[in-house]
Every structure is written in C-alpha cells, then in structure tokens.
Amino acid sequence: MILRNIALRHGRRALAPPLRKSFLRSLTTDTLTQDSISVEESIGQQQTSAYSHELPINPLHFSNPNNATRAKEGVKENYFLTKHLKKRTAKLGAVVEPVYVPDTFVRNPPKPEDVTLELLLASQSHLGHSTSLWNPANQRYIFGIRQGVHIISLEETAAHLRRAAKVVEGVAYHGGLILFVGTRAGQSSAVVKAAELAKGCHLFERWIPGTITNGDQLLAKCDLKVVDKDDTEITSGFETKVEEWTALKPDLVVCLNPLENYIMLHECGLNNIPTMGIIDTDADPTWVTYPIPANDDSIRCIQVIAGVLGRAGEEGQKKRLEAARTGTVTWLPPPGLGRPEVGGEAEKASFAAKSAQSTVVQGNSEASPVFTRQIGDSPEL
Amino acid sequence: MRGRNLKPSRVYQTASALLASNSIPQPPVWYQTIGAIPPGEILTRSQAPQHREIRLSKKVRKPSKSFRPQQIVYEEDLLRKQFYNDHPWELARPRILLENDGRDGQNCNWANIRQPGRPLNGESVVQRQLWLMNEGQRQKDEAYDIARKEFYALRHEEEVERRVAKEEALWTGAHFGKGALDVGMGLEDKTYDEWLEWAKTNVADQAMTREAAYTSIPEAAEIDLGLDGEEQTELPAAA
C-alpha cells in the first residue's frame, strides 16, 4: 500500500499539505531495489552454506550506511506526519461508549472519594445470601429481600467502606504494617495490588495457623531490615538486633473473606490486632473490628473494596513520607531497638525500621526537637 | 464456648487498659487512628426499611416484626409477572446481568421500545408499558397491548433477518451442522437400534426358558418373532 491512498480515501481535506515524494519513498512498503538484491544474495548464501555458523550475521545487509542516513532524514518528518494524520482521522467513525472492562479496578483502583452508590450497585455489592442462611446480627445492614436473597443496603456499605478507608490511611500514616488477605479464587490480583499501593503485605494462599501466635517458628526464614524515617535501609549498627528480633505482627489486617479465615481473625483477636473484613449476610460481624457489609462472592465487589483500601493506604504512605521529608516523624520506634551499635560519628538523623518481607521493626530515633514535639501534640489521626 | 467474642471490637479498650497498667511501654501504631475513628455499632437491631404500607391494626403489633427485613416490591413486578405468564419462552432467553457504571437504566427514554446498549426482551416491554401508563396516560391493558405488539414486530424482524442470513450463507457456500430435529432423530434411531438388539436377546432368552418348561421341543419354524413388520404379532409375555 502506498501512502498517497490515505489522502484519496479520507478526502483531500484530511491532508492539508501535499506529500513530498521523498516521504513517500521512505514510508513505502514496496520492495526497494537494494533490498531485493540483498534478499537474493542471502538466499544464495543459504543454499551454499551447509552449517548455520557459516552464514553471515547480517545476511540481509540492512545496515547499509546509505539506507541509514536516508532513514534518519525522514524520521522527523515521518513522526510529525503521523501525528498530523492521527489528529485528523482519530475522530472519524463511531463513538465508542465506555463499557466495563473486567480488570479496570485492578489496574486503576478507585479512590475513597470515587465511591458512589452507583459504583457499588454495579459491582454487585448489594447481593446477599439466601434469607434462610442469614446471620441475624447483620439485620441492621440489610435493606430488604428480593428474589429470596437479602439485599445489603448500599448506604451502609458506602459508610462502612469510607470509615475503613480512613482507618487504613491513618494506620499507614503512622507507619503501621497492613496485611491484605484474600484466599478465594480470583482475589489474588486485587490483594496484591492493594498491598503494593499501601506498601504492606499480601496473602492469597491459605493462612497457616500460628503465623502470629507461633510466628518465630513459622516466619523464621523471613528477613528483617531496619529503615529510617525516609524508608531508606540502615545497613550497619543493628545486625545483632535484627538476628535476635522476634517475628513481626501486622498492625492492621484487611480480610476479604472472613468466613474462610476464622483462625487468622481469632489469632488477631488474641494479639489485640485490629481487623477489617467484608461481612456478607451470613458472616459474623463480631469477628472483625471494622465490618464492611458487602457481597464477598462477587470478584468485582472485592476488587472495588480492596482497591479503595489500597488507595487509602497509598495516600497515608504518601503523607507519611512527605511529613518525614519536612522532618516530622509520625510514629514511635519499637521499644528495645535502641541506637545503632556501630555509630562513631553519631549521626543526627532519626532512625526508623521496616521489614523486608512480612514483619515491621520500628527503629529508635534521636531526640530531635521535631520528634519530641510530635509525641506531645495530638496529630490529625 | 458461650457468648460472643467481642475482643476484635474492643482492641482500643484493651490497649488502653494495657497502657494504663504499664503492661506495654508505648501505645500501638494504630492507637490514635482507632481512637479517633471508633468502630460502628454492631449487634443492635434497627428498624427495617419499609417497602410496603403497613396496615395499622388496633391490636398491638409484635415489636420484633418491625425489625424483620421486608420484601422489596416495585410496580413493574406485576407487569413482569403478567408478561412472563403470557410469554413463558422469553424466560429461556439468557440475560446478562453485568452493568457498566450503575447508571445504565438512567439514560433510557422509553418513548421507544428499542434502547441503545440494552437487549430487546421482556424488560423492555415492561418499561415501555410503564412509560405509556405514566407519560402516555394510557390504561394498563392498553399500554400492555401497544408495548407487546411493538415487541412482536421487532422479534419478527429478528427472525426474518436470521432466516435470510441463513439462506444467504447457504447460497454462498456455508455448511451447517445438524439441526436440532436432525440430532433428535439421530438419537431416536440410535435408541431404537439399541432396543432392537435388546429385544432379540430378550426374546431368545424367553424362548429358552419356555423350552425348558416343556418336555417336547417345538419346531423352530413355529416361533414367530414378529420382527419383519408384516404381521402385528405380540411377543410372548414373560413367564
């Protein structure tokens, strides 16, 4: 196809300036004489040589300097020509209505501000279970009955989700470790994305009982690291402490299917760790600290909720690092860490610690004036 | 274990008690956040949203009944019931429940039974009928007749299109597989052949048991299996 056919098809008005013949030649797909000669040569070489190592590395000889300089001259004009053509022809044709694409909520999760009742309705978050299978403790979240199933009130879902998002943001702002858990099929991508945004940990396989209560055994192979207020790793001074340190526990657990993770939620209760979970009409709202009444069977609903909480965590982390850059440290170091052992120069930076894989260690900080003020006053959250 | 475990709901109070008793040297990371945003109320019942008018009887009603979730009823439900009673095969058509952004129904103007982005089915008849009743100021039956006749015309168009498309395809060389009737006939033929084999063996077995009962053995020519179809002879009953 030669380029000038585009002008004929879309009409002369589509292209204001006429195309120069030199552009056409550089853009054409017709066989050039030089290329045809080189192709014939390469075919001849293929037939004569019996072994592949005898063939030349560049059999088609496309690195001809004459070709290269000619191509370079046309590239700039080619680029602008393409841009001009796209601008002129992009709006031709039908207007494609925006439709739901299944992975939008994982690739680009919604923010807490974007949560609307229409979004929750479209994500099937209002569909509860059969009326005979309900947990009466969830009565306050139910809007009504339709076709034999309980319908969860969208306002309740939205209100509880916004509250949970604020909690996640606050915990992330204060340097807490958030664990996102979703062990059902199809939840893994949403869980991983949420953990990435909130700089927390994820779990999409079975929770091994004892991971919190028997963490030193089960998490023995997990690495630990000490980081400072800007999340930069501190490589020297804490080696012995890191070796001896106990397994870390999450500061907040977000569970997308609490019915299957009862043991994990029980362990969190034993260790006084706050939890949040998606509570369907047949789930028990007392198992978690912050219930989010919604449909736990719809993958789309899970993606929306996990996405919103991940975005809230992202916001909290952003605020924490911004505050750290200006000198305000929003968290306290863990007791027992102390100062770095090897520190002859006695740096005046304030230290913090975070783990590499699954645990958090809070580092001790120098008595900087900003930090002592932080303990005294009451911050936003 | 009796009672409910309220430890998850009481993490803040537990942490406060541990702090007050100096069991932990410093508050946990989440302490301020959860203190500022306490969890919502749980386990208490609230009055269920009302979807029907309650007949206020003179007798005192049981208070627990006001907490019971109610059926959500729309005025279209009666129209849907009537339509699907009259057109049961419309229930066999699959329905897509996927929504785009939750506002799919708000952009419809039911002055026309055909809506962009929505399939033509019983729901469009019902919405059209409702529109005619409300905006068009028609009676229910009149609106139903108008809507369903528009629907029939469009379904007829679809069928004609399908038939013409098949003819065009055949004319231009397409090969179709077996139709539903052909598949059914094939299954019936197969079942009949299987039965035939079974019948032959069964007749032979019955003949053998009969022979064993008698002292004399009848001639082979006297036994008529009735399989050639010329005579309608009944098979011998099981002994």
Side-chain angles (χ1 to χ4, degrees), chain A residues 97-100 116-124 131 134 136-137 139-140 142-146 150-151 153 159-160 163 166-167 169-171 173-177 251-252 265-266 268-270 272-275 284-291 331-332 334-336 360 362 378-381, chain B residues 3-18 23-52 64 66-74 77 97-107 116-117:
Chain A
E97 296 288 334
V99 291
Y100 166 68
T116 55
L117 301 186
E118 285 91 1
L119 173 67
L120 293 172
L121 180 80
S123 312
Q124 306 121 20
T131 53
W134 77 320
Q139 184 272 334
R140 56 188 295 118
I142 291 169
F143 181 68
I145 302 173
R146 184 88 177 150
H150 279 123
I151 303 297
S153 173
H160 284 83
R163 181 184 290 152
K166 274 198 230 152
V167 169
E169 188 183 333
V171 171
Y173 177 71
H174 288 284
L177 180 68
D251 299 306
L252 178 68
L265 295 171
H266 184 68
C268 293
L270 293 172
N272 216 44
I273 297 167
T275 51
D284 194 338
T286 59
W287 286 3
V288 295
T289 314
Y290 291 92
W331 42 265
L332 283 171
V360 172
Q362 300 266 325
S378 53
E380 313 128 32
L381 292 164
Chain B
R4 291 189 187 271
N5 181 21
L6 295 174
K7 277 186 76 64
S9 314
R10 294 183 57 78
V11 283
Y12 184 76
Q13 289 85 338
T14 312
S16 304
L18 290 169
S23 307
I24 50 175
Q26 69 190 32
V29 169
W30 44 263
Y31 189 74
Q32 276 168 351
T33 307
I34 292 188
I37 309 164
E41 201 178 320
I42 53 167
L43 297 180
T44 51
R45 296 185 295 180
S46 60
Q47 205 202 5
Q50 306 288 306
H51 301 295
R52 303 189 101 119
S64 65
S66 67
F67 299 123
R68 216 185 263 176
Q70 292 185 3
Q71 288 281 346
I72 300 168
V73 185
Y74 298 112
D77 287 343
L97 301 177
L98 189 70
E99 295 186 49
N100 287 326
D101 57 358
R103 285 188 203 89
D104 298 16
Q106 294 170 13
N107 303 329

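These numbers come from the heavy atoms of this one structure, side chains and all, not from hydrogens, waters or symmetry mates.
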Practice task
Heavy-atom distances under 4.5 Å only: say whether B:L6 touches chain A with side chain, backbone, both or neither.
Solution key: side chain

Fill in the blank from the handout: If you tally heavy-atom pairs under 4.5 Å between each of B:I42, B:T44, B:L43 and chain A, the highest tally belongs to B:T44

Fill in the blank from the handout: When rounded to the nearest 0.5 Å, the distance separating OG of B:S9 from OH of A:Y290 is 10.0 Å

Fill in the blank from the handout: If one checks every heavy atom of A:H160 against chain B at 4.5 Å, the contacting part turns out to be neither

Practice task
Please state whether the side chain, the backbone, both or neither of A:W134 comes within less than 4.5 Å of a heavy atom of chain B.
Solution key: side chain

Handout entry: Top contributor to chain A interface from B:I34, B:L18, B:D104 [non-hydrogen pairs under 4.5 Å]
Key = B:I34

Fill in the blank from the handout: Whatever's closer than 4.5 Å to a heavy atom in chain B on A:I151 counts as side chain

Practice task
Measure the shortest side-chain to side-chain distance between A:D284 and B:R4 over non-hydrogen atoms and say whether it is less than 4.5 angstrom.
Solution key: yes

Exercise for the section: Could you tell me which non-hydrogen atom of A:V167 sits nearest to which non-hydrogen atom of B:T33, and how far apart they are? Expected result: O-CG2, 3.6 Å

Handout entry: Interface moiety of A:P291 toward chain B, non-hydrogen atoms closer than 4.5 Å
Key = side chain

Handout entry: Residue A:V288 versus chain B: region with a heavy atom under 4.5 Å
Key = backbone

Fill in the blank from the handout: Closest heavy-atom pair, A:H266 versus B:N5, reported as atoms and distance to 0.1 Å, is ND1-ND2, 4.3 Å

Practice task
Evaluate the side-chain proximity of B:F67 to A:I142: yes if any heavy-atom separation is below 4.5 Å, no if none is.
Solution key: no

Practice task
Determine whether A:W331 and B:V29 make a side-chain contact, defined as any pair of heavy atoms from C-beta on separated by less than 4.5 Å.
Solution key: no

Handout entry: Donor-acceptor pair, side chain of A:R163 and main chain of B:P39, under 3.5 angstrom
Key = no

Practice task
Sort out for me which of B:R68, B:Q50, B:K7, B:H51 touches chain A most, counting heavy-atom pairs under 4.5 Å.
Solution key: B:H51

Practice task
Kindly give the heavy-atom pair with the smallest separation between A:N272 and B:W30, and that separation in Å.
Solution key: O-CZ2, 3.2 Å

Exercise for the section: Please report the shortest heavy-atom distance between B:G102 and A:L121, naming the atom on each side. Expected result: O-CD2, 4.2 Å

Practice task
Check whether B:Q70 gets within reach of chain A through its side chain, its backbone, both or neither, counting any heavy atom under 4.5 Å.
Solution key: backbone

Problem - Contacting region of B:P38 [heavy-atom separation from chain A under 4.5 Å] - result: backbone

Handout entry: Pairs of heavy atoms under 4.5 Å with chain A: top-ranked of B:P28, B:P116, B:G40, B:A48
Key = B:G40

Practice task
Taking the side chain as every heavy atom from C-beta outward, state whether B:Y74 and A:R146 have any atom pair closer than 4.5 Å.
Solution key: yes

Practice task
With a 4.5 angstrom heavy-atom cut-off, could you sort out which part of B:P25 is near chain A: side chain, backbone, both or neither?
Solution key: side chain

Completion exercise
Honestly, the part of B:D77 sitting under 4.5 Å from a heavy atom of chain A is side chain

Fill in the blank from the handout: Scored by heavy-atom pairs under 4.5 Å with chain A, the best of B:R45, B:Q106, B:R103 is B:R103

Handout entry: Flag side-chain contact, heavy atom, 4.5 Å: B:D101 against A:E118
Key = no

